[in-house]
Amino acid sequence: MTELLLRGLSKVRPEGWIIWGSDVPDALVWPGARKVPHVHSPRALSGQRDITKVPPNDLAIYMHQIRPLRAGRSIQVIYDTIPLHFGEGGYRRWMKMRFNRAVARLSTKVVTFSEFSRGRIATDLKVSDEDIAVLPTPIDHELAARVRRARLDLAPEMVGFFVGRFAPHKNLERLVRGFRETAFAADGGRLMIVGGTPEEVDALTAFVSTAKVPNVEVKGAISQERLEALYATARFVVMPSLEEGIGLPAWEAMSCGLAVCCSRGGSLPEITKGATETFDPYSEVELGAAIDRAAAVGWGRQGASVMLKEAPDVAAFALRFVELADEVRTQ
């Protein structure tokens, strides 16, 4: 989302921006914008390591909740409140709640990308509805074009894949068990699960081995080029999440014309607009049936054409941020 916003800002309002962060690629800095690097991870001390080094500004746009707890006019992107409902409990979850409420309280406007997330943010973080803006997720036309070109050169594969964090709410063990009973697996189809840390990859690989599920590959993070190759050659993307605030891999896959099967968890039905094969995230039987339906579709027949017409491009997406920035400056 940060990359899409920066690409759009370079088109609709190129002047007057400071891009502050670690490891900012030069390709995302344009004439009229200035890069101000810092050496520490943005997560250091929960974002407070460089609290005194935020560049002077009349408006800050924070693209993640981990940010310096500084007052001032700001637009805060909050994708979801999933960490407050899944994973670690007890004191650590209480601390996350306190921190995220402080972030929301210090923000002039909160931006999110689904009505589902708006409701969660309002309830969990005590933010009033009028202080939350829901923006449509943009289509990355450049990504879709690269995948379409790659599809002309690469051979299709009997593979479906999941990409993302290996967090508890991603529901990956149930995905593995549901895949075992599919006709797609019986016909030799493979399931790739990619994106975990080395420790997460080891743990899920051990689960796959214990569960004795064949044709499942578990991998860590992959390059953008490899991801696009998967979008070009795979039969489907699967998202079995118990909850999602956006579900970006499903959105990207649909924009590339690839079949998607996803759970009815969180915002996924809202984001995918009925153009996917859906299932109850707690039902392995429904999950497996949805995989087989998606595998039968493959690529080229699902929601891409409608999405490409109706969703904003990166310039329109950035323009909405600019409009919000102008509103915030007058408050």
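No single ILVMFWY cluster, assembled from side-chain heavy atoms under 4.5 Å apart, contains both Ile132 and Tyr62. In terms of hydrophobic clustering, with Ile, Leu, Val, Met, Phe, Trp and Tyr side chains grouped at heavy-atom distances under 4.5 Å, Ile121 and Phe99 are assigned to different clusters. In the hydrophobic clustering of ILVMFWY residues, with side-chain heavy atoms under 4.5 Å counting as a link, Ile66 and Ile61 come out apart. When the side chains of ILVMFWY residues are joined at heavy-atom separations under 4.5 Å, either directly or via intervening members, Ile75 and Val127 end up in two distinct hydrophobic clusters. The hydrophobic clustering, which links ILVMFWY residues whose side-chain heavy atoms are closer than 4.5 Å, places Ile78 and Phe116 apart.
For the pair Ser74 and Val328, the tightest heavy-atom approach, listed with the atom from each and the gap, is N-CG1, 4.3 Å. Here the closest non-hydrogen pair linking Val12 and Ala315 is CG1-O, 3.4 Å. For the residue pair Met254 and Val260, the shortest heavy atom distance occurs at CG-CG2, 3.6 Å. Of all heavy-atom pairs between Val201 and Gly196, the closest is CG2-O, 3.8 Å. Heavy atoms only, all atoms of each residue included: Ser22 and Pro42 are closest at OG-CD, 3.3 Å. Among all heavy-atom pairs drawn from Asp80 and Gly245, the shortest one is CB-CA, 3.9 Å.
Remark: Glu286 engages Arg264 in a salt bridge, criterion side-chain N to carboxylate O under 4.0 Å. The pair Glu88-Arg93 does not count as a salt bridge, with every side-chain nitrogen at least 4.0 angstrom from each carboxylate oxygen. Between Glu243 and Arg120 there is a salt bridge, with a side-chain nitrogen of the basic residue lying less than 4.0 Å from a carboxylate oxygen of the acidic one. With respect to Asp124 and Arg101, no salt bridge is recorded, no charged nitrogen being found less than 4.0 Å from a carboxylate O.
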Practice task
Give the intermediate values and the outcome of side chain to side chain contact (heavy atoms under 4.5 Å, CB included) for residues Asn57 and Val54.
Solution key: CA-CA 8 Å; Asn57 64 85; Val54 178; 4.0 Å; yes
Practice task
Check step by step if side chain to side chain contact (heavy atoms under 4.5 Å, CB included) holds for Glu181 and Val285.
Solution key: CA-CA 8 Å; Glu181 305 303 325; Val285 173; over 6 Å; no
Exercise for the section: For the pair Leu175 and Leu191, evaluate side chain to side chain contact (heavy atoms under 4.5 Å, CB included) and give the outcome as yes or no after the intermediate values. Expected result: CA-CA 10 Å; Leu175 168 61; Leu191 174 66; 3.9 Å; yes
Practice task
Please lay out, stage by stage, how Arg13 and Asp326 fare under the test salt bridge (Lys or Arg N to Asp or Glu O under 4.0 Å).
Solution key: CA-CA 12 Å; Arg13 184 175 289 180; Asp326 291 341; 3.0 Å; yes
Exercise for the section: Please lay out, stage by stage, how Phe184 and Phe236 fare under the test ring-ring contact (aromatic ring centres under 6.0 Å, His included). Expected result: CA-CA 11 Å; Phe184 180 73; Phe236 60 87; 5.2 Å; yes
Practice task
Go through Val176 and Ile193 one step at a time and tell me if the side chain to side chain contact (heavy atoms under 4.5 Å, CB included) criterion holds.
Solution key: CA-CA 9 Å; Val176 171; Ile193 303 176; 3.8 Å; yes
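By the 4.5 Å heavy-atom criterion applied to side chains, Ile19 and Arg34 are not counted as neighbours. For the pair Thr112/Leu135, no side-chain contact is recorded, criterion being any heavy-atom separation below 4.5 Å from C-beta on. Taking the side chain as every heavy atom from C-beta outward, Leu172 and Leu204 approach each other to under 4.5 Å. Within the 4.5 Å cutoff, the side chain of Thr233 has no heavy atoms near those of the Pro156 side chain. Two residues are said to be in side-chain contact when any heavy atoms from C-beta on lie closer than 4.5 Å; Asp140 and Arg7 meet this criterion. Between Pro37 and Val24, the closest side-chain pair of non-hydrogen atoms is not below 4.5 Å. Taking 4.5 Å as the limit, some side-chain heavy atom of Leu227 sits within range of a side-chain heavy atom of Glu252. Residues Met239 and Pro249 have side chains in contact (heavy-atom distance under 4.5 Å, counting atoms from C-beta outward).
Using a distance-only test at 3.5 Å, with no hydrogens or angles considered, a donor-acceptor pair links the side chain of Gln48 to the main chain of Leu69. Panel note: side chain Arg151, backbone Cys256; a donor-acceptor pair is recorded below 3.5 Å. With hydrogens and angles ignored, the 3.5 Å screen pairs no side-chain donor or acceptor of Thr276 with any backbone N or O of Thr278. Between the side chain of Glu115 and the backbone N or O of Val134, no donor-acceptor pair lies under 3.5 Å. Without hydrogens or angle criteria, Thr182 side chain to Phe179 main chain gives a donor-acceptor distance under 3.5 Å. Between the Arg105 side chain and the Lys126 main chain, no donor and acceptor come within less than 3.5 Å of each other. Side chain of Ser209 to backbone of Ala206: no donor-acceptor contact under 3.5 angstrom is found. A donor-acceptor pair under 3.5 Å links the side-chain atoms of Ser114 to the main chain of Ser117, judged by distance alone. A donor-acceptor contact shorter than 3.5 Å is absent between the side chain of Trp17 and the backbone of Leu6.
Rounding to the nearest 0.5 Å gives a distance of 3.5 Å between NE2 of His169 and CD1 of Ile82. Atom-to-atom distance recorded for Thr108:OG1 and Asp131:CG is 8.5 Å, nearest 0.5 angstrom. Considering CG of Asp292 and CZ of Arg235, their distance stands at 11.5 Å, rounded to 0.5 Å. To the nearest 0.5 Å, atoms CZ (Arg177) and CG (Asn171) are separated by 8.0 Å. Of the inter-residue distances, the one linking Leu106 atom CG with Arg73 atom CZ reads 14.5 Å to the nearest 0.5 angstrom. Atom CD of Glu130 is separated from atom NZ of Lys109 by 8.0 Å, given to the nearest 0.5 angstrom.
Annotation: Lys96, atom NZ; neighbour count of heavy atoms from other residues, nucleotides and ligands within 6.0 Å is above 12. Counted within 6.0 Å of CZ on Arg70, heavy atoms from surrounding residues, nucleotides or ligands total more than 12; the atom is thus considered enclosed. Other residues, nucleotides and ligands place more than 12 heavy atoms under 6.0 Å from the NZ atom of Lys35. Annotation for Arg329: atom CZ counts as buried by contact number, over 12 foreign heavy atoms lying within 6.0 Å.
Side-chain atoms of Arg67 and Ser107 include a donor-acceptor pair closer than 3.5 Å. Side-chain contact check for Glu327 and Gln331: no donor-acceptor pair (N or O, by modelled atom type) lies under 3.5 Å. Asp50 and His38 form a side-chain donor-acceptor contact under 3.5 Å, judged by distance and modelled atom types alone. Side-chain contact check for Glu244 and Ser241: at least one donor-acceptor pair (N or O, by modelled atom type) lies under 3.5 Å.
Scanning for side-chain hydrogen bond (donor to acceptor under 3.5 Å, both in side chains) contacts around Glu217 gives Arg190, with sequence neighbours left out.
Close placement of the Tyr231 and Phe161 rings is indicated, their centers lying within 6.0 Å of each other.
Using cut-offs of 30° and 60° for the angle between ring planes, the Phe317 and Phe113 rings count as tilted.
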